[in-house]
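Letters A, B, ... are given to chains in the order of the sequence lines, protein chains preceding strands, and every chain is numbered from 1. Just so you know, these numbers come straight off a predicted model, no measurement behind them.
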Amino acid sequence: MDSDLYLYNTLSRKKEQFQPINPPFAGMYVCGPTVYGDPHLGHARPAITFDIVFRYLQHLGYKVRYVRNITDVGHLVADLDEGDDKIARKAQLEQLEPMEIAQYYADRYFIYMDALNVKRPSIEPRASGHMIEQILMVKQILDAGYAYEVNGSVYFDVEKYSKTHEYGKLSGRVLEDLISNTRSLEGQEEKRHPADFALWKKAQPEHIMRWPSPWSDGFPGWHLECSAMSTKYLGEYFDIHGGGMDLLFPHHESEIAQCQAAIGHESVKYWMHNNMITIQGQKMGKSLGNFITLDEFFTGKHASLEQAYSPMTIRFFILQAHYRSTLDFSNEALQAAEKGLKKLMTASETLNKLVPSEATAPDSGISELVNSIYSAMNDDFNSPIVMANLFEGVRMINSVADKKETISKADLALLKNIFNTFLFDILGLKNEKTNDQPELLDGLMQLVLAIRQKSRETKDWGTSDQIRDGLQKLHITVKDGKEGSSWNIE
RNA sequence: GGUUUCGUGGCCGAGUGGCUAGGCAGCGGUCUGCAAAACCGUCCACAGCGGUUCGACUCCGCUCGAAACCUCCA
């Protein structure tokens with residue numbers, strides 16, 4: 001099963017043809033959220049990026065197993081002296097089990113990702129549910145001689161590993177630089193080498209999340225869960241591993257080392273990384289305190305938001321940039337996205353009402369449109385180009401509706417197919433209008449517009465405008481065309 | 001300091017060695033009772049300086065500027 005799909009592999013820093021290991025199956029692992037805070041705009045980017053990858057691979061006919069983890073381990077420290085871990089504080093103050101906090105935010109994550117029309121992955125494993133696998137992997141690495149135990153903690157021996165393997169190949173780092181640049185942090189004295197990282201950490205008394213292990217009551221190292229769970233569900237060698245660029249080092253670098261040490265070979269064929277969302281040129285992130293939660297976007301309740309932005313506006317906004325570029329947030333950009341989305345959705349409604357003619361005139365090249373959309377997707381998931389092409393389709397649709405152009409039956413079917421396939425199925429955008437009683441509303445509107453038409457015929461503009469303005473207040477726009485008036489819910 | 005990546009018009013954002021990105025906003029026009037929407041036309045670019053080339057926004061070098069990672073973070 002050969003495909004024309006090319007994707008950018010961070011490991012080689014080149015676009016490579018996608019050739020799955022076991023076609024028609026495709027395995028994909030993406031680093032999911034750490035559930036100790038409300039999901040924000042930054043969470044939406046990888047979720048949507050890899051949602052597109054998931055959807056497109058399925059569209060191409062692959063049987064995709066998409067695994068995205070939930071990190072619910074090791075970040076909840078009850079020590080209130082340092083940091084601003086409000087969740088731990090909350091857990092302690094309200095006498096909550098830490099897992100209650102994790103559950104709460106995991107649920108929140110699902111709700112908001114559903115709102116963004118992000119498909120649920122095939123498997124969403126939790127780190128806390130895979131202690132056995134993680135402990136087993138630590139043992140494997142110890143047995144292989146690439147780890148050592150100190151006081152109940154186990155560390156990965158980066159120095160030894162780097163003698164026979166290239167630690168830093170993914171992020172382009174050199175070990176010597178890592179030595180000289182690593183800060184001396186508390187608790188590092190146990191490590192033989194500053195670049196070593198924890199596979200298992202003995203829990204300090206204040207650490208409230210802990211599990212028994214052969215070495216100590218403690219918790220697994222940050223990088224371990226992904227290696228253990230990807231191996232469990234996707235095997236020792238799988239196709240795609242994705243995540244945010246900020247995870248490149250040390251997280252993914254360490255995953256590579258862990259798998260190499262435990263299994264004896266690398267586990268990932270293609271590494272994909274989405275770029276960050278910035279706010280005034282700076283990364284939007286938890287640590288910087290400049291993030292805006294999805295809930296705040298949807299409700300408009302945040303000081304830097306001029307209005308509320310719907311889930312699909314956010315999705316459109318994100319898809320209008322290529323996933324490997326930074327994307328700068330601003331009200332202006334969001335408002336542009338909102339208008340663009342509306343234009344696209346209105347056109348998709350118009351499309352369903354279009355009447356075909358004998359031929360397409362002028363010959364506007366709808367099949368070329370299809371080709372260039374596929375080329376764009378195949379070129380490392382270039383969603384902005386896909387959208388630009390869809391807007392070309394919008395122009396055609398509106399021109400036909402305006403009777404300035406005509407479209408053949410075959411071309412119309414083709415155009416409908418493109419919109420259904422790409423706009424809705426692959427880009428995953430959807431019409432957000434809600435209408436529970438379409439017949440009732442339609443009947444009412446026909447009546448109201450008939451009355452207005454009468455007033456227009458007698459040039460009673462006062463009544464005519466009163467009706468139109470009144471409807472506008474209810475977010476129903478009336479458009480007067482050559483063949484009577486039409487209406488639209490905003 | 002090291003690693004990685006950028007610098008495109010009023011805003012957001014694609015792309016290419018010579019030929020239109022696209023969206024939003026602006027301007028002019030068509031349509032309309034007036035609008036709205038739509039369509040047509042149009043203005044505004046490729047950080048700076050060198051080099052390669054018949055030709056560079058696109059390749060190379062330097063300068064300036066910005067970001068991410070090196071510590072939990074999507």
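- Using cut-offs of 30° and 60° for the angle between ring planes, the His40(A) and Phe291(A) rings count as tilted.
- C73(B) atom P lies 9 Å from atom NZ of Lys283(A), rounded to whole Å.
- C31(B): no Watson-Crick or G-U partner with both key distances under 3.5 Å is found in any strand.
- Atom CD in Glu253(A) sits about 16 Å away from atom C1' in U71(B), given to the nearest Å.
- For C73(B) and A37(B), the C1' atoms lie 45 Å apart once the distance is rounded to whole Å.
- Comparing C12(B), C69(B), G33(B) by their nearest atom to the side chain of Arg452(A) picks out G33(B).
- Base contact: Ala388(A) has a heavy atom under 4.0 Å from a base atom.
- C6(B) and G48(B) are spaced 16 Å apart, taking the C1' atom of each and rounding to whole Å.
- Each of Cys31(A) and Val478(A) was matched to the nucleotide of RNA chain B holding its nearest heavy atom; the match closer to the 5' end belongs to Val478(A).
- Taking the C1' atoms as reference points, U4(B) lies 24 Å from C12(B), given to the whole Å.
- In this structure, the CG atom of Asp328(A) is 21 Å from the P atom of U5(B), given to the nearest Å.
- Between Lys119(A) and Asp51(A), none of the side-chain N atoms (NZ, or NE/NH1/NH2) sits under 4.0 Å from a carboxylate O, so this pair counts as no salt bridge.
- A donor-acceptor contact under 3.5 angstrom links the side-chain atoms of Arg468(A) to the base of A35(B).
- Tyr309(A) and Asn331(A) share a donor-acceptor pair across their side chains, judged by distance under 3.5 Å alone.
- Cation-pi check for Arg324(A) over Tyr8(A) is met; the charged atom lies under 6.0 angstrom from the ring centroid and within 45 degrees of its normal.
- If you check every strand for non-hydrogen atoms under 4.0 Å, Arg456(A) touches a base.
- Lacking a ring centre under 5.5 Å from that of the base six-membered ring together with a plane angle below 30°, Phe391(A) does not count as stacked on G23(B).
- A close approach under 4.0 Å does not occur between any side-chain nitrogen or oxygen of Arg395(A) and OP1 or OP2 of G22(B).
- Judged purely by atom type and a 3.5 angstrom limit, Asn274(A) has no side-chain atom pairing as donor or acceptor with the backbone of Thr49(A).
- Distance, Met387(A) CE to G23(B) P: 11 Å, rounded to whole Å.
- At a cut-off of 3.5 Å, with distance as the only test, a side-chain donor of Glu296(A) or Thr293(A) sits close to an acceptor on the other residue.
- Thr326(A) and Thr278(A) form no side-chain donor-acceptor contact under 3.5 Å, judged by distance and modelled atom types alone.
- Distance CZ (Phe249(A)) to P (U4(B)): 13 Å, rounded to an integer number of Å.
- Applying the 4.0 Å criterion to OP1 and OP2 of C34(B), one finds that Lys459(A) has every side-chain N and O outside that range.
- If you take atom P in U5(B) and the same atom in C60(B), they sit 12 Å apart, rounded to whole Å.
- The partner of C59(B) is G51(B), judged by Watson-Crick or G-U wobble contacts that both fall below 3.5 Å.
- Regarding Leu344(A), its CG atom lies at a distance of 14 Å from the C1' atom of C24(B), rounded to whole Å.
- Look at Lys343(A) and you won't find any side-chain N or O under 4.0 angstrom from OP1 or OP2 of A37(B).
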Filtered N/O pairs between nucleotides 14-20 of chain B and protein, under 3.5 Å:
from: A14(B); atom 1: OP1; to: His322(A); atom 2: N; distance (Å): 2.7
from: A14(B); atom 1: OP1; to: Ser325(A); atom 2: OG; distance (Å): 2.8
from: A14(B); atom 1: O3'; to: Asn382(A); atom 2: ND2; distance (Å): 3.4
from: G15(B); atom 1: OP1; to: Asn382(A); atom 2: ND2; distance (Å): 3.1

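- A salt bridge does not link Glu432(A) to Lys342(A): none of the charged nitrogens lies less than 4.0 Å from a carboxylate oxygen.
- Heavy-atom distances to RNA chain B give each of Pro46(A) and Glu332(A) a nearest nucleotide, and the one nearer the 5′ end belongs to Glu332(A).
- As rounded to the nearest Å, A47(B) and G13(B) have P atoms that lie 15 Å from one another.
- Residue contacts shown for Asp480(A) include a base, since a base heavy atom lies under 4.0 Å away.
- For the pair Trp222(A) and C73(B), the criterion of a side-chain N or O lying under 4.0 Å from OP1 or OP2 is met.
- Between Arg55(A) and Phe424(A) the shortest heavy-atom distance is NH1-O, 3.8 Å.
- When the P atom is compared between A67(B) and G50(B), the two are found 28 Å apart, to the nearest whole Å.
- A gap of 10 Å separates the P atoms of C46(B) and U58(B), to the nearest Å.
- In this entry U4(B) has A67(B) as its Watson-Crick or G-U wobble partner, both defining distances falling under 3.5 Å.
- Nucleotide A14(B) forms no Watson-Crick or G-U wobble pair with any nucleotide shown, as no partner meets the under 3.5 Å limit on both distances.
- Contact check, Lys479(A) against U32(B): no side-chain N or O comes under 4.0 Å of OP1 or OP2.
- When heavy atoms are screened at a 4.0 angstrom cut-off, Met276(A) is found touching base atoms of the nucleic acid.
- Of the candidate nucleotides G23(B), C39(B), C72(B), C72(B) has the atom nearest to the side chain of Tyr36(A).
- Residue-to-nucleotide contacts include no donor-acceptor pair under 3.5 Å from the side chain of Asp402(A) to the base of C31(B).
- C24(B) and U30(B) have their C1' atoms separated by 22 Å, with the value rounded to a whole Å.
- Within the cation-pi definition used here (under 6.0 Å to the ring centroid, within 45° of the axis), Arg68(A) does not qualify as a partner of Phe50(A).
- Arg456(A) and Asp465(A) are not joined by a salt bridge, as no carboxylate oxygen comes within less than 4.0 angstrom of a charged side-chain nitrogen.
- Nearest nucleotide to the Lys404(A) side chain, out of G33(B), C39(B), U5(B): C39(B).
- Across all strands, Leu334(A) comes closer than 4.0 Å to no nucleic acid atom at all (heavy-atom distances).
- The separation between His223(A) atom NE2 and C70(B) atom P is 10 Å, rounded to whole Å.
- C69(B) atom P lies 16 Å from atom OH of Tyr167(A), rounded to whole Å.
- Residue contacts for Gly42(A): at a heavy-atom cut-off of 4.0 Å it reaches a base atom on one of the strands shown.
- Nucleic acid contact class of Leu327(A) (heavy atoms, under 4.0 Å, all strands): sugar-phosphate only.
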